[in-house]
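One structure is given here, and the rest of the page talks about it.
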Amino acid sequence: MSKSLILVTGGARAGKSAFAQEWAQALAGAAVSFIATAEALDEEMRNRILRHRRERPASWETLEQPLKVSTALQQARHPVVLLDCLTLWVSNLMQVEKEVLPEIENLLAVRAESNKTLLVVTNEVGLGIVPDNALARQYRDLLGAANRRIAEEADVVYLLISGVPVKIK
Amino acid sequence: MSKSLILVTGGARAGKSAFAQEWAQALAGAAVSFIATAEALDEEMRNRILRHRRERPASWETLEQPLKVSTALQQARHPVVLLDCLTLWVSNLMQVEKEVLPEIENLLAVRAESNKTLLVVTNEVGLGIVPDNALARQYRDLLGAANRRIAEEADVVYLLISGVPVKIK
Amino acid sequence: MSKSLILVTGGARAGKSAFAQEWAQALAGAAVSFIATAEALDEEMRNRILRHRRERPASWETLEQPLKVSTALQQARHPVVLLDCLTLWVSNLMQVEKEVLPEIENLLAVRAESNKTLLVVTNEVGLGIVPDNALARQYRDLLGAANRRIAEEADVVYLLISGVPVKIK
(Lines give C-alpha, C1' and ligand atoms only; values in the text may rest on other atoms or scores of the structure.)
Protein backbone atom coordinates (compact mmCIF):
# COMPACT_ATOMS: atom_id res chain seq x y z
CA MET A 1 0.00 0.00 0.00
CA SER A 2 2.99 2.35 -0.03
CA LYS A 3 2.92 5.35 -2.41
CA SER A 4 -0.84 5.16 -2.81
CA LEU A 5 -3.35 7.97 -3.14
CA ILE A 6 -6.39 7.44 -0.93
CA LEU A 7 -9.54 9.59 -0.83
CA VAL A 8 -11.85 9.57 2.20
CA THR A 9 -15.13 11.35 1.54
CA GLY A 10 -18.58 11.69 3.13
CA GLY A 11 -20.78 14.18 4.89
CA ALA A 12 -19.96 16.40 7.84
CA ARG A 13 -19.52 14.56 11.16
CA ALA A 14 -19.51 11.16 9.45
CA GLY A 15 -16.24 10.01 11.04
CA LYS A 16 -14.00 10.77 8.03
CA SER A 17 -11.08 12.24 10.01
CA ALA A 18 -11.06 9.48 12.62
CA PHE A 19 -11.15 6.80 9.91
CA ALA A 20 -8.37 8.49 7.89
CA GLN A 21 -6.21 8.90 11.01
CA GLU A 22 -6.53 5.26 12.00
CA TRP A 23 -5.70 4.20 8.47
CA ALA A 24 -2.72 6.56 8.19
CA GLN A 25 -1.38 5.27 11.50
CA ALA A 26 -1.77 1.65 10.35
CA LEU A 27 -0.03 2.37 7.02
CA ALA A 28 2.80 4.35 8.57
CA GLY A 29 3.54 2.09 11.50
CA ALA A 30 5.40 5.07 12.96
CA ALA A 31 4.58 8.77 12.74
CA VAL A 32 2.46 10.52 10.12
CA SER A 33 2.79 14.01 8.65
CA PHE A 34 -0.51 15.84 9.04
CA ILE A 35 -1.34 18.80 6.79
CA ALA A 36 -3.96 20.95 8.50
CA THR A 37 -5.77 23.42 6.25
CA ALA A 38 -8.06 24.91 8.90
CA GLU A 39 -7.56 28.49 10.06
CA ALA A 40 -8.80 29.65 13.46
CA LEU A 41 -10.72 32.68 12.24
CA ASP A 42 -13.39 32.54 14.95
CA GLU A 43 -14.15 30.85 18.27
CA GLU A 44 -16.13 27.97 16.68
CA MET A 45 -13.27 27.11 14.32
CA ARG A 46 -10.68 27.49 17.08
CA ASN A 47 -12.58 24.94 19.18
CA ARG A 48 -12.86 22.48 16.29
CA ILE A 49 -9.12 22.79 15.56
CA LEU A 50 -8.15 22.23 19.19
CA ARG A 51 -10.50 19.27 19.52
CA HIS A 52 -9.09 17.69 16.36
CA ARG A 53 -5.51 18.28 17.48
CA ARG A 54 -6.15 16.50 20.78
CA GLU A 55 -7.47 13.51 18.84
CA ARG A 56 -4.17 13.02 16.97
CA PRO A 57 -1.08 11.21 18.37
CA ALA A 58 1.43 13.63 19.87
CA SER A 59 4.25 12.06 17.82
CA TRP A 60 2.75 13.19 14.49
CA GLU A 61 4.20 16.12 12.58
CA THR A 62 1.66 18.88 12.01
CA LEU A 63 2.04 21.26 9.06
CA GLU A 64 -0.47 24.11 9.27
CA GLN A 65 -0.93 25.28 5.73
CA PRO A 66 -4.22 26.83 4.60
CA LEU A 67 -2.98 27.54 1.04
CA LYS A 68 0.39 26.02 0.03
CA VAL A 69 -0.58 22.39 0.44
CA SER A 70 1.74 21.08 -2.30
CA THR A 71 4.69 22.78 -0.58
CA ALA A 72 3.64 21.20 2.71
CA LEU A 73 3.55 17.80 1.00
CA GLN A 74 7.12 18.34 -0.28
CA GLN A 75 8.26 19.41 3.21
CA ALA A 76 6.57 16.54 5.07
CA ARG A 77 9.17 14.46 6.92
CA HIS A 78 7.22 11.18 6.98
CA PRO A 79 6.37 8.81 4.06
CA VAL A 80 2.65 8.80 4.97
CA VAL A 81 0.90 12.16 4.74
CA LEU A 82 -2.68 12.98 5.72
CA LEU A 83 -4.32 16.08 4.24
CA ASP A 84 -7.33 17.17 6.29
CA CYS A 85 -9.12 18.57 4.47
CA LEU A 86 -9.54 19.33 0.79
CA THR A 87 -12.83 21.07 1.57
CA LEU A 88 -11.20 23.87 3.54
CA TRP A 89 -8.25 24.11 1.16
CA VAL A 90 -10.63 24.78 -1.76
CA SER A 91 -12.49 27.32 0.37
CA ASN A 92 -9.24 29.06 1.37
CA LEU A 93 -8.06 29.20 -2.27
CA MET A 94 -11.35 30.76 -3.34
CA GLN A 95 -11.07 33.40 -0.62
CA VAL A 96 -7.73 34.62 -1.95
CA GLU A 97 -8.99 34.26 -5.55
CA LYS A 98 -6.55 31.53 -6.56
CA GLU A 99 -7.60 29.14 -9.35
CA VAL A 100 -8.51 25.83 -7.69
CA LEU A 101 -8.10 23.18 -10.38
CA PRO A 102 -4.47 24.04 -11.33
CA GLU A 103 -3.64 23.72 -7.61
CA ILE A 104 -5.20 20.25 -7.58
CA GLU A 105 -3.18 19.23 -10.65
CA ASN A 106 -0.05 20.53 -8.99
CA LEU A 107 -0.77 18.53 -5.82
CA LEU A 108 -1.27 15.36 -7.87
CA ALA A 109 2.02 15.98 -9.74
CA VAL A 110 3.95 16.63 -6.52
CA ARG A 111 2.47 13.51 -4.96
CA ALA A 112 3.37 11.34 -7.98
CA GLU A 113 6.99 12.53 -7.80
CA SER A 114 7.24 12.37 -4.02
CA ASN A 115 7.24 8.66 -3.25
CA LYS A 116 4.78 9.43 -0.45
CA THR A 117 1.42 7.89 0.38
CA LEU A 118 -1.20 10.63 0.57
CA LEU A 119 -4.57 10.30 2.27
CA VAL A 120 -6.98 13.11 1.43
CA VAL A 121 -10.07 13.85 3.53
CA THR A 122 -12.87 15.69 1.73
CA ASN A 123 -16.62 16.32 1.98
CA GLU A 124 -19.58 15.64 -0.23
CA VAL A 125 -21.52 18.92 -0.32
CA GLY A 126 -23.78 18.43 -3.35
CA LEU A 127 -26.54 16.22 -1.94
CA GLY A 128 -28.75 18.96 -0.52
CA ILE A 129 -31.04 21.55 -2.08
CA VAL A 130 -29.30 23.99 -4.48
CA PRO A 131 -27.94 26.81 -2.27
CA ASP A 132 -29.50 30.27 -2.58
CA ASN A 133 -26.29 32.21 -2.95
CA ALA A 134 -24.07 32.13 -6.02
CA LEU A 135 -20.82 31.84 -4.09
CA ALA A 136 -22.00 28.64 -2.38
CA ARG A 137 -23.01 27.24 -5.80
CA GLN A 138 -19.60 28.15 -7.23
CA TYR A 139 -17.90 26.51 -4.24
CA ARG A 140 -20.03 23.39 -4.69
CA ASP A 141 -19.02 23.22 -8.36
CA LEU A 142 -15.30 23.69 -7.67
CA LEU A 143 -15.16 21.25 -4.77
CA GLY A 144 -17.10 18.72 -6.86
CA ALA A 145 -14.56 19.06 -9.68
CA ALA A 146 -11.65 18.76 -7.22
CA ASN A 147 -13.18 15.65 -5.62
CA ARG A 148 -13.76 14.03 -9.01
CA ARG A 149 -10.20 14.72 -10.14
CA ILE A 150 -8.64 13.25 -7.00
CA ALA A 151 -11.02 10.26 -6.98
CA GLU A 152 -10.05 9.63 -10.61
CA GLU A 153 -6.36 9.36 -9.68
CA ALA A 154 -6.95 7.62 -6.36
CA ASP A 155 -6.13 3.97 -5.82
CA VAL A 156 -8.83 3.66 -3.16
CA VAL A 157 -11.91 5.77 -2.34
CA TYR A 158 -13.96 5.36 0.83
CA LEU A 159 -17.35 6.92 1.54
CA LEU A 160 -18.17 7.35 5.23
CA ILE A 161 -21.86 7.16 6.25
CA SER A 162 -22.68 7.50 9.97
CA GLY A 163 -19.14 6.41 10.72
CA VAL A 164 -19.41 3.28 8.56
CA PRO A 165 -16.70 3.10 5.85
CA VAL A 166 -17.97 2.00 2.42
CA LYS A 167 -15.29 1.17 -0.15
CA ILE A 168 -16.48 2.55 -3.48
CA LYS A 169 -13.23 2.26 -5.49
CA MET B 1 -32.34 -11.72 13.90
CA SER B 2 -34.05 -11.28 17.29
CA LYS B 3 -32.59 -8.80 19.78
CA SER B 4 -30.71 -6.96 17.07
CA LEU B 5 -30.09 -3.26 16.71
CA ILE B 6 -30.74 -2.04 13.17
CA LEU B 7 -30.10 1.46 11.79
CA VAL B 8 -31.89 2.71 8.68
CA THR B 9 -30.43 5.96 7.37
CA GLY B 10 -30.57 8.10 4.22
CA GLY B 11 -31.83 11.42 2.95
CA ALA B 12 -35.29 12.91 3.30
CA ARG B 13 -38.00 11.16 1.25
CA ALA B 14 -35.70 8.24 0.40
CA GLY B 15 -38.12 5.56 1.58
CA LYS B 16 -36.49 4.97 4.99
CA SER B 17 -39.74 4.69 7.00
CA ALA B 18 -41.44 2.38 4.49
CA PHE B 19 -38.38 0.12 4.38
CA ALA B 20 -38.06 0.03 8.19
CA GLN B 21 -41.78 -0.72 8.59
CA GLU B 22 -41.70 -3.62 6.13
CA TRP B 23 -38.64 -5.00 7.86
CA ALA B 24 -40.09 -4.61 11.37
CA GLN B 25 -43.26 -6.36 10.23
CA ALA B 26 -41.26 -9.22 8.72
CA LEU B 27 -39.14 -9.61 11.89
CA ALA B 28 -42.10 -9.42 14.26
CA GLY B 29 -44.48 -11.66 12.40
CA ALA B 30 -47.18 -10.13 14.56
CA ALA B 31 -47.53 -6.56 15.82
CA VAL B 32 -44.77 -4.00 16.27
CA SER B 33 -44.39 -1.24 18.87
CA PHE B 34 -43.88 2.07 17.10
CA ILE B 35 -42.21 4.99 18.93
CA ALA B 36 -43.22 8.22 17.21
CA THR B 37 -41.07 11.25 18.06
CA ALA B 38 -42.88 13.78 15.87
CA GLU B 39 -44.95 16.56 17.44
CA ALA B 40 -47.72 18.27 15.53
CA LEU B 41 -46.56 21.84 16.09
CA ASP B 42 -47.88 23.18 12.77
CA GLU B 43 -50.12 22.22 9.88
CA GLU B 44 -47.30 20.80 7.74
CA MET B 45 -46.12 18.49 10.56
CA ARG B 46 -49.71 17.49 11.41
CA ASN B 47 -50.23 16.37 7.80
CA ARG B 48 -47.00 14.39 7.76
CA ILE B 49 -47.88 12.65 11.03
CA LEU B 50 -51.37 11.73 9.83
CA ARG B 51 -50.07 10.47 6.50
CA HIS B 52 -47.43 8.34 8.24
CA ARG B 53 -49.99 6.94 10.72
CA ARG B 54 -52.27 5.85 7.88
CA GLU B 55 -49.34 3.98 6.31
CA ARG B 56 -48.84 1.76 9.41
CA PRO B 57 -50.89 -1.38 10.20
CA ALA B 58 -53.77 -0.65 12.60
CA SER B 59 -52.68 -3.53 14.87
CA TRP B 60 -49.39 -1.83 15.79
CA GLU B 61 -48.94 -0.15 19.15
CA THR B 62 -48.06 3.54 18.84
CA LEU B 63 -46.14 5.30 21.61
CA GLU B 64 -46.00 9.05 21.01
CA GLN B 65 -42.95 10.23 22.84
CA PRO B 66 -40.99 13.28 21.62
CA LEU B 67 -38.47 13.16 24.51
CA LYS B 68 -38.55 10.07 26.76
CA VAL B 69 -37.69 7.52 24.10
CA SER B 70 -35.87 5.14 26.46
CA THR B 71 -38.94 5.03 28.70
CA ALA B 72 -41.09 4.30 25.66
CA LEU B 73 -38.75 1.44 24.72
CA GLN B 74 -39.13 -0.02 28.23
CA GLN B 75 -42.93 0.33 28.04
CA ALA B 76 -43.25 -1.16 24.55
CA ARG B 77 -45.44 -4.29 24.65
CA HIS B 78 -43.98 -6.04 21.58
CA PRO B 79 -40.50 -7.60 21.12
CA VAL B 80 -39.86 -5.64 17.92
CA VAL B 81 -39.76 -1.86 18.33
CA LEU B 82 -39.41 0.75 15.60
CA LEU B 83 -38.15 4.24 16.53
CA ASP B 84 -39.05 6.80 13.87
CA CYS B 85 -37.06 8.91 14.02
CA LEU B 86 -33.78 9.71 15.74
CA THR B 87 -33.59 12.96 13.76
CA LEU B 88 -36.63 14.48 15.45
CA TRP B 89 -35.72 13.09 18.85
CA VAL B 90 -32.34 14.87 18.71
CA SER B 91 -34.09 18.05 17.57
CA ASN B 92 -36.66 17.78 20.40
CA LEU B 93 -33.92 17.23 23.00
CA MET B 94 -32.03 20.30 21.74
CA GLN B 95 -35.17 22.41 22.00
CA VAL B 96 -35.58 21.62 25.70
CA GLU B 97 -31.80 21.95 26.22
CA LYS B 98 -31.22 18.32 27.20
CA GLU B 99 -27.78 16.81 26.52
CA VAL B 100 -28.14 14.54 23.49
CA LEU B 101 -25.29 12.03 23.76
CA PRO B 102 -26.07 10.79 27.31
CA GLU B 103 -29.64 10.15 26.10
CA ILE B 104 -28.25 8.05 23.24
CA GLU B 105 -26.08 6.06 25.65
CA ASN B 106 -29.08 5.51 27.88
CA LEU B 107 -31.16 4.27 24.94
CA LEU B 108 -28.40 1.82 23.98
CA ALA B 109 -28.17 0.56 27.58
CA VAL B 110 -31.95 0.12 27.89
CA ARG B 111 -32.01 -1.69 24.55
CA ALA B 112 -29.20 -4.05 25.56
CA GLU B 113 -31.04 -4.97 28.75
CA SER B 114 -34.47 -5.18 27.16
CA ASN B 115 -34.28 -8.32 25.03
CA LYS B 116 -36.00 -6.31 22.27
CA THR B 117 -35.07 -5.81 18.65
CA LEU B 118 -34.85 -2.10 17.92
CA LEU B 119 -34.98 -0.55 14.46
CA VAL B 120 -33.93 3.10 14.39
CA VAL B 121 -34.75 5.42 11.47
CA THR B 122 -32.50 8.43 11.06
CA ASN B 123 -31.38 10.96 8.43
CA GLU B 124 -28.08 11.92 6.90
CA VAL B 125 -27.99 15.74 7.04
CA GLY B 126 -24.30 16.47 6.50
CA LEU B 127 -23.96 16.08 2.73
CA GLY B 128 -24.99 19.59 1.73
CA ILE B 129 -23.32 22.99 1.97
CA VAL B 130 -22.42 24.11 5.53
CA PRO B 131 -25.58 25.79 6.90
CA ASP B 132 -25.49 29.55 7.52
CA ASN B 133 -26.85 29.46 11.03
CA ALA B 134 -24.97 28.19 14.08
CA LEU B 135 -27.91 26.23 15.49
CA ALA B 136 -28.21 24.18 12.30
CA ARG B 137 -24.47 23.48 12.43
CA GLN B 138 -24.73 22.42 16.07
CA TYR B 139 -27.67 20.16 15.19
CA ARG B 140 -25.71 18.65 12.30
CA ASP B 141 -22.80 17.92 14.66
CA LEU B 142 -24.99 16.34 17.34
CA LEU B 143 -27.07 14.25 14.97
CA GLY B 144 -23.86 13.12 13.26
CA ALA B 145 -22.43 12.01 16.60
CA ALA B 146 -25.69 10.24 17.53
CA ASN B 147 -25.79 8.45 14.16
CA ARG B 148 -22.17 7.33 14.48
CA ARG B 149 -22.73 6.01 17.99
CA ILE B 150 -25.80 3.99 17.03
CA ALA B 151 -24.19 2.72 13.81
CA GLU B 152 -21.20 1.61 15.88
CA GLU B 153 -23.40 -0.57 18.10
CA ALA B 154 -25.73 -1.68 15.31
CA ASP B 155 -25.70 -5.20 13.92
CA VAL B 156 -26.93 -3.97 10.55
CA VAL B 157 -26.95 -0.53 8.88
CA TYR B 158 -28.86 0.26 5.70
CA LEU B 159 -28.52 3.39 3.58
CA LEU B 160 -31.58 4.26 1.49
CA ILE B 161 -30.99 6.06 -1.82
CA SER B 162 -34.05 6.84 -3.98
CA GLY B 163 -35.88 4.03 -2.17
CA VAL B 164 -33.12 1.49 -2.89
CA PRO B 165 -31.72 -0.14 0.28
CA VAL B 166 -27.93 -0.44 0.35
CA LYS B 167 -26.50 -2.61 3.13
CA ILE B 168 -23.38 -0.84 4.43
CA LYS B 169 -22.83 -2.84 7.65
CA MET C 1 -29.35 -4.26 -22.27
CA SER C 2 -31.82 -2.99 -24.86
CA LYS C 3 -35.16 -1.58 -23.68
CA SER C 4 -33.90 -1.04 -20.15
CA LEU C 5 -34.68 1.76 -17.75
CA ILE C 6 -31.56 3.08 -16.05
CA LEU C 7 -31.39 5.68 -13.26
CA VAL C 8 -28.19 7.64 -12.59
CA THR C 9 -28.35 9.60 -9.35
CA GLY C 10 -26.00 11.44 -6.97
CA GLY C 11 -25.12 14.90 -5.79
CA ALA C 12 -24.43 18.01 -7.83
CA ARG C 13 -21.13 17.94 -9.75
CA ALA C 14 -20.61 14.24 -9.04
CA GLY C 15 -20.09 13.28 -12.68
CA LYS C 16 -23.63 11.96 -13.30
CA SER C 17 -24.07 13.46 -16.78
CA ALA C 18 -20.64 12.37 -18.01
CA PHE C 19 -21.22 8.83 -16.75
CA ALA C 20 -24.71 8.65 -18.29
CA GLN C 21 -23.44 9.99 -21.62
CA GLU C 22 -20.61 7.45 -21.83
CA TRP C 23 -23.04 4.69 -20.98
CA ALA C 24 -25.68 5.84 -23.46
CA GLN C 25 -23.02 6.03 -26.18
CA ALA C 26 -21.80 2.51 -25.36
CA LEU C 27 -25.36 1.11 -25.39
CA ALA C 28 -26.36 2.87 -28.60
CA GLY C 29 -23.25 2.19 -30.62
CA ALA C 30 -24.47 4.97 -32.87
CA ALA C 31 -26.28 8.20 -32.02
CA VAL C 32 -28.36 8.91 -28.93
CA SER C 33 -31.45 11.10 -28.50
CA PHE C 34 -30.84 13.59 -25.72
CA ILE C 35 -33.78 15.21 -23.91
CA ALA C 36 -32.61 18.47 -22.33
CA THR C 37 -34.90 19.90 -19.65
CA ALA C 38 -32.81 22.96 -18.80
CA GLU C 39 -34.04 26.43 -19.73
CA ALA C 40 -31.64 29.34 -20.14
CA LEU C 41 -33.40 31.76 -17.81
CA ASP C 42 -30.25 33.55 -16.69
CA GLU C 43 -26.58 33.89 -17.54
CA GLU C 44 -25.46 31.16 -15.11
CA MET C 45 -27.90 28.60 -16.59
CA ARG C 46 -27.02 29.67 -20.16
CA ASN C 47 -23.35 28.96 -19.45
CA ARG C 48 -24.11 25.56 -17.92
CA ILE C 49 -26.29 24.60 -20.90
CA LEU C 50 -23.66 25.64 -23.43
CA ARG C 51 -20.89 23.84 -21.54
CA HIS C 52 -22.97 20.65 -21.37
CA ARG C 53 -23.86 20.86 -25.07
CA ARG C 54 -20.19 21.10 -26.03
CA GLU C 55 -19.51 17.94 -24.01
CA ARG C 56 -21.95 15.86 -26.10
CA PRO C 57 -21.13 14.28 -29.49
CA ALA C 58 -22.28 16.46 -32.40
CA SER C 59 -24.09 13.49 -34.00
CA TRP C 60 -26.61 13.19 -31.13
CA GLU C 61 -30.17 14.42 -31.51
CA THR C 62 -31.07 17.09 -28.95
CA LEU C 63 -34.70 17.60 -27.92
CA GLU C 64 -35.09 20.70 -25.75
CA GLN C 65 -38.18 20.08 -23.69
CA PRO C 66 -38.57 21.62 -20.24
CA LEU C 67 -42.10 20.24 -19.71
CA LYS C 68 -43.37 17.69 -22.29
CA VAL C 69 -40.74 15.04 -21.65
CA SER C 70 -43.03 12.08 -22.50
CA THR C 71 -43.78 13.66 -25.87
CA ALA C 72 -40.07 14.15 -26.45
CA LEU C 73 -39.49 10.47 -25.64
CA GLN C 74 -42.13 9.49 -28.24
CA GLN C 75 -40.55 11.79 -30.82
CA ALA C 76 -36.96 10.65 -30.19
CA ARG C 77 -35.48 9.16 -33.38
CA HIS C 78 -32.94 6.84 -31.71
CA PRO C 79 -33.52 3.67 -29.65
CA VAL C 80 -31.38 4.95 -26.77
CA VAL C 81 -32.65 8.11 -25.06
CA LEU C 82 -30.94 10.08 -22.31
CA LEU C 83 -33.07 12.39 -20.14
CA ASP C 84 -30.93 14.99 -18.36
CA CYS C 85 -32.34 15.72 -15.93
CA LEU C 86 -35.35 14.70 -13.88
CA THR C 87 -34.41 17.31 -11.26
CA LEU C 88 -35.06 20.24 -13.58
CA TRP C 89 -38.12 18.62 -15.12
CA VAL C 90 -39.75 18.34 -11.67
CA SER C 91 -38.77 21.94 -10.94
CA ASN C 92 -40.21 23.13 -14.28
CA LEU C 93 -43.49 21.25 -13.66
CA MET C 94 -43.83 22.82 -10.22
CA GLN C 95 -43.28 26.29 -11.67
CA VAL C 96 -46.26 25.90 -14.04
CA GLU C 97 -48.27 24.17 -11.27
CA LYS C 98 -48.53 20.80 -13.03
CA GLU C 99 -48.93 17.69 -10.85
CA VAL C 100 -45.58 15.90 -10.85
CA LEU C 101 -46.35 12.27 -10.03
CA PRO C 102 -48.93 11.69 -12.81
CA GLU C 103 -46.31 13.02 -15.26
CA ILE C 104 -43.82 10.47 -13.92
CA GLU C 105 -46.37 7.66 -14.34
CA ASN C 106 -47.04 8.83 -17.87
CA LEU C 107 -43.32 8.83 -18.69
CA LEU C 108 -42.98 5.28 -17.36
CA ALA C 109 -45.99 4.15 -19.43
CA VAL C 110 -44.69 5.78 -22.62
CA ARG C 111 -41.27 4.23 -22.00
CA ALA C 112 -42.73 0.75 -21.47
CA GLU C 113 -44.64 0.99 -24.77
CA SER C 114 -41.83 2.62 -26.71
CA ASN C 115 -39.27 -0.18 -27.10
CA LYS C 116 -36.62 2.39 -26.18
CA THR C 117 -33.87 2.26 -23.59
CA LEU C 118 -34.15 5.29 -21.32
CA LEU C 119 -31.38 6.62 -19.09
CA VAL C 120 -32.58 9.15 -16.53
CA VAL C 121 -30.19 11.51 -14.72
CA THR C 122 -31.41 12.85 -11.39
CA ASN C 123 -30.09 14.37 -8.14
CA GLU C 124 -30.24 13.40 -4.52
CA VAL C 125 -31.28 16.60 -2.69
CA GLY C 126 -32.42 15.25 0.69
CA LEU C 127 -29.10 14.69 2.47
CA GLY C 128 -28.61 18.20 3.84
CA ILE C 129 -30.26 20.19 6.62
CA VAL C 130 -34.05 20.71 6.19
CA PRO C 131 -34.41 23.84 4.01
CA ASP C 132 -35.86 26.98 5.60
CA ASN C 133 -38.43 27.69 2.92
CA ALA C 134 -41.58 25.66 2.35
CA LEU C 135 -41.24 25.57 -1.46
CA ALA C 136 -37.80 23.96 -1.19
CA ARG C 137 -39.22 21.38 1.24
CA GLN C 138 -42.11 20.67 -1.14
CA TYR C 139 -39.67 20.30 -4.03
CA ARG C 140 -37.52 17.95 -1.97
CA ASP C 141 -40.58 15.80 -1.20
CA LEU C 142 -41.75 15.67 -4.81
CA LEU C 143 -38.35 14.96 -6.30
CA GLY C 144 -37.82 12.28 -3.67
CA ALA C 145 -41.11 10.63 -4.64
CA ALA C 146 -40.25 10.88 -8.36
CA ASN C 147 -36.79 9.36 -7.76
CA ARG C 148 -38.24 6.50 -5.72
CA ARG C 149 -40.86 5.73 -8.38
CA ILE C 150 -38.32 5.63 -11.21
CA ALA C 151 -35.79 3.65 -9.13
CA GLU C 152 -38.55 1.15 -8.37
CA GLU C 153 -39.16 0.52 -12.08
CA ALA C 154 -35.50 0.77 -13.08
CA ASP C 155 -33.48 -2.26 -14.11
CA VAL C 156 -30.28 -0.62 -12.92
CA VAL C 157 -29.56 2.28 -10.53
CA TYR C 158 -26.16 3.92 -10.15
CA LEU C 159 -25.13 6.36 -7.42
CA LEU C 160 -22.27 8.69 -8.36
CA ILE C 161 -19.96 9.86 -5.54
CA SER C 162 -17.04 12.12 -6.49
CA GLY C 163 -17.28 10.73 -10.02
CA VAL C 164 -17.13 7.10 -8.83
CA PRO C 165 -20.12 5.03 -10.01
CA VAL C 166 -21.61 2.75 -7.33
CA LYS C 167 -24.15 0.20 -8.57
CA ILE C 168 -26.92 0.06 -5.96
CA LYS C 169 -29.55 -1.88 -7.97
Side-chain angles (χ1 to χ4, degrees), chain A residues 8-19 22 38 41-48 51-52 55 85-88 90-92 94-95 121-144 147 158-168, chain B residues 5-14 16 85-87 90 94 100-101 104 108 119-162 164-169:
Chain A
V8 177
T9 190
R13 313 309 297 152
K16 305 180 304 295
S17 293
F19 176 77
E22 278 176 38
L41 300 175
D42 61 25
E43 193 60 25
E44 190 179 335
M45 276 307 298
R46 189 179 311 278
N47 288 337
R48 278 183 196 249
R51 197 177 61 234
H52 289 157
E55 290 164 8
C85 59
L86 185 65
T87 322
L88 282 174
V90 167
S91 171
N92 295 339
M94 281 177 71
Q95 264 164 39
V121 173
T122 192
N123 271 70
E124 298 298 317
V125 299
L127 293 115
I129 283 286
V130 179
D132 283 335
N133 80 79
L135 189 65
R137 289 196 300 275
Q138 193 196 343
Y139 174 66
R140 203 165 78 139
D141 286 359
L142 277 172
L143 182 59
N147 284 347
Y158 269 88
L159 172 68
L160 271 282
I161 298 283
S162 287
V164 178
V166 184
K167 191 177 178 185
I168 63 173
Chain B
L5 177 63
I6 295 159
L7 184 66
V8 176
T9 190
R13 313 308 298 150
K16 303 180 305 294
C85 59
L86 185 65
T87 322
V90 168
M94 281 178 70
V100 169
L101 298 181
I104 300 295
L108 290 172
L119 297 98
V120 178
V121 173
T122 191
N123 270 71
E124 297 300 316
V125 299
L127 293 116
I129 282 288
V130 179
D132 282 335
N133 80 78
L135 190 65
R137 289 197 299 276
Q138 193 196 344
Y139 175 67
R140 203 166 77 139
D141 286 359
L142 278 172
L143 181 59
N147 284 347
R148 287 203 310 281
R149 187 67 190 95
I150 292 183
E152 193 178 17
E153 294 293 315
D155 302 288
V156 182
V157 181
Y158 268 89
L159 172 69
L160 272 282
I161 297 283
S162 287
V164 178
V166 184
K167 191 177 178 184
I168 63 172
K169 178 181 175 179

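We name chains A, B, ... by the order of the sequence lines, and we start the count at 1 in each one.
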Problem - Between CD1 on residue Ile161(A) and CD1 on residue Ile168(B), distance to nearest 0.5 Å - result: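 Ile161(A) atom CD1 to Ile168(B) atom CD1 measures 5.5 Å (nearest 0.5 Å).
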Problem - Inter-residue atom distance Leu143(A).CG - Ile129(B).CD1, 0.5 Å rounding - result: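 Between Leu143(A) CG and Ile129(B) CD1, I get 7.5 Å after rounding to 0.5 Å.
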Completion exercise
Counting heavy-atom pairs under 4.5 angstrom with chain A, the leader among Gly128(B), Gly11(B), Ala151(B) is Gly128(B)
Could you work out all donor-acceptor pairs shorter than 3.5 Å where one atom is in chain B and the other in chain A?
residue, atom, partner, partner atom, Å
Glu124(B), OE2, Ser162(A), OG, 2.6
Gly126(B), O, Ala12(A), N, 2.8
Leu127(B), O, Gly126(A), N, 3.4
Leu127(B), O, Leu127(A), N, 2.9
Ile129(B), N, Val125(A), O, 3.4
Arg137(B), NE, Glu44(A), OE2, 2.9
Arg137(B), NH2, Glu44(A), OE1, 2.9
Asp141(B), OD1, Arg48(A), NH2, 3.4
Asp141(B), OD2, Arg48(A), NH2, 2.7
Arg148(B), NH1, Arg13(A), O, 2.7

